[in-house]
Asker: 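One structure follows; several queries about it will come next.
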Amino acid sequence: MKNYTADDKYIKALDPNKHELAIYTDDLHVSYGSSEAIHGVSLAFERFKITALIGASGSGKSTYLRSLNRMNDNIDGTKVTGKIMYRGLDINGPGINVYEMRKHIGMVFQRPNPFSKSIYDNITFAPKRNGLKDKNKLDELVETTLKQAALWNQVKDDLHQSALALSGGQQQRLCIARAIAMKPDILLLDEPASALDPISTSTVEDTLLALKDDYTIIIVTHNMQQAARISDYTAFFHLGNALEFDETSNVFTNPKIQATEDYVSGRFG
Ligand SMILES: Nc1ncnc2c1ncn2[C@@H]1O[C@H](COP(=O)(O)OP(=O)(O)OP(=O)(O)O)[C@@H](O)[C@H]1O
Ligand SMILES: [Mg+2]
């Protein structure tokens with residue numbers, strides 16, 4: 001196995017001697033049938049930071065993000081090769097218990113997708129299935145995760161109402177609460193605010209900034225202002241490659257390649 005060293009320029013930009021890495025990919029390729037959508041992406045993500053994945057529609061952001069917790073496994077005909085290194089383990093390798101791995105690497109999708117259950121049950125469903133039975137502990141989990149997701153004050157008196165009765169922004173924050181109820185290390189979010197109004201978007205952004213103390217966050221966004229507001233690092237995707245990766249302020253103010261500059265300055269996308 002190729003070790004990731006400080007001299008390794010192949011994995012973009014982060015020196016593992018200076019930055020604690022939560023997860024990285026090494027030469028990741030993803031194909032749908034005979035068509036390759038990701039052409040060997042090597043990126044590293046620092047622990048307790050927010051990294052934004054930006055790039056035009058179809059550039060492969062969702063495909064790449066989904067592979068990080070093997071959501072592409074569920075799509076027929078998909079092939080994912082290359083390494084996804086998490087805590088010294090290649091989680092793209094054989095013999096990985098995907099269900100267990102997803103307890104460490106959680107995901108929030110573009111469209112809020114709460115279960116058709118109560119607010120309370122949405123949050124406790126997976127922890128219960130995972131063996132947490134104590135009523136007090138479950139109550140406490142519901143309260144802490146809803147507080148972390150900035151939703152507690154709005155729903156604390158309605159915990160047994162259907163989650164489907166919540167607004168879109170509230171549903172999305174519930175999905176974030178549900179994801180963090182399993183206490184993952186890493187939270188993957190695919191355009192979590194794209195279906196939300198500006199106020200809900202801003203609440204979700206505040207939520208993510210507050211979660212950064214405990215979680216490593218990787219977020220796909222089309223919204224340049226959002227990337228600039230919340231992320232520490234930005235990776236620019238173009239035609240299935242991660243062309244540029246750097247601290248967000250550099251990507252936006254001093255991009256190294258023309259394609260990034262064209263994209264961030266709005267010339268295409
Ligand atoms: N389930 C799928 N089956 C076949 N091809 C797919 C599938 N999902 C994505 N693709 C193709 O893979 C490429 C990358 O798509 P992907 O959805 O990852 O892009 P994206 O950057 O997330 O775009 P968007 O910003 O529009 O969400 C595109 O050419 C797309 O058509
Ligand atoms: Mg997408």
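Note that ligands are numbered from 1 as they come in the structure, with each ligand's atoms numbered from 1 the same way. Since this is a predicted model, take the numbers as computed values, not measurements.
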Asker: Tell me whether Ser62 has at least one N, O or S atom under 2.8 Å from the Mg ion (ligand 2).
Answerer: yes
Asker: Checking the N or O distance criterion of under 3.5 Å, is ligand 1 in contact with Tyr64?
Answerer: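 There is no such contact.
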Asker: Is Lys103 salt-bridged to Glu100, going by a charged N under 4.0 Å from an acidic O?
Answerer: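 Judged by the 4.0 Å cut-off on N to carboxylate O distance, Lys103 and Glu100 do form a salt bridge.
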Asker: Among Val155, Ile119, Asn113, whose side chain to side chain contact (heavy atoms under 4.5 Å, CB included) with Leu174 holds?
Answerer: Ile119
Asker: Which protein non-hydrogen atom lies closest to atom 19 (O) of ligand 1, naming both residue and atom, and how far is it?
Answerer: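 Answer for atom 19 (O) of ligand 1: Gly60 N, 3.3 Å.
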Asker: So Tyr233 and Phe245, would you call those rings parallel, tilted or perpendicular, with 30° and 60° as cut-offs?
Answerer: parallel
Asker: Crowded around Lys156 NZ? As in, over 12 foreign heavy atoms under 6.0 Å?
Answerer: yes
Asker: If you have a sec, work out which protein heavy atom is nearest atom 21 (O) of ligand 1 and how many Å separate them, to one decimal?
Answerer: Lys61 NZ, 2.8 Å
Asker: Answer yes or no for Arg129 and Tyr99: cation-pi contact, defined as NZ/CZ to six-membered ring centre under 6.0 Å and angle to ring axis within 45°.
Answerer: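 So Arg129 doesn't make the cation-pi contact.
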Asker: Nearest protein heavy atom to atom 17 (O) of ligand 1, by residue and atom, and its distance?
Answerer: Ser62 CB, 3.9 Å
Asker: Contact between Met101 and Tyr86 at the side-chain level, heavy atoms closer than 4.5 Å - yes or no?
Answerer: no
Asker: Is there a donor-acceptor pair under 3.5 Å between the side chain of Asp26 and the backbone N or O of Lys83?
Answerer: no
Asker: Considering non-hydrogen atoms of the protein only, which is the closest contact for atom 3 (N) of ligand 1, and what is the distance?
Answerer: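 The answer is Tyr32 CD2, 3.6 Å.
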Asker: Inspect the surroundings of CG in Asp76 and state if more than 12 heavy atoms from other residues, nucleotides or ligands are less than 6.0 Å away.
Answerer: no
Asker: Can you tell me which portion of Ser35 lies within the under-4.0 Å heavy-atom range of ligand 1? Options are side chain, backbone, both, or neither.
Answerer: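 No part of Ser35 is near ligand 1 at this cut-off.
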Asker: Just need the protein heavy atom nearest to atom 26 (O) of ligand 1, so name the residue and atom and give the distance.
Answerer: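 Heavy-atom neighbour on the protein nearest atom 26 (O) of ligand 1: Ser57 OG, 2.5 Å.
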Asker: What protein heavy atom sits nearest atom 15 (O) of ligand 1, and how far away is it?
Answerer: Thr63 OG1, 3.7 Å
Asker: Should you measure from each heavy atom of Ala56, which atoms of ligand 1 turn up under 4.0 Å away?
Answerer: 21 (O)
Asker: Is it the case that atom NZ in Lys133 sees more than 12 heavy atoms from other parts of the structure closer than 6.0 Å?
Answerer: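 More than 12 heavy atoms, drawn from other residues, nucleotides or ligands, come within 6.0 Å of this atom.
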Asker: Which ligand 1 atoms are under 4.0 Å away from a heavy-atom of Ser59?
Answerer: 19 (O), 21 (O)
Asker: Is there a protein heavy atom at a distance of less than 4.0 Å from atom 24 (P) of ligand 1?
Answerer: yes
Asker: Would you tell me which option among Gly77, Gly58, Ser194, Gly33 has the nearest heavy-atom contact to atom 20 (P) of ligand 1?
Answerer: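 Answer by nearest heavy atom: Gly58.
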Asker: With heavy atoms of Ala37 as the reference, note each atom of ligand 1 found under 4.0 Å away.
Answerer: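 The list of qualifying atoms is 12 (O), 13 (C).
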Asker: Specify the protein heavy atom at minimum distance from atom 27 (O) of ligand 1: its residue, its atom name, and the distance to 0.1 Å.
Answerer: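 It is Glu191 OE2, 3.7 Å.
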Asker: With hydrophobic residues grouped by side-chain heavy-atom distances under 4.5 Å, do Ile75 and Phe109 end up in a single group?
Answerer: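 No; tracing contacts between hydrophobic side chains, which count when under 4.5 Å, never links both residues.
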Asker: Mark whether atom 30 (C) of ligand 1 lies under 4.0 angstrom from at least one protein heavy atom.
Answerer: no
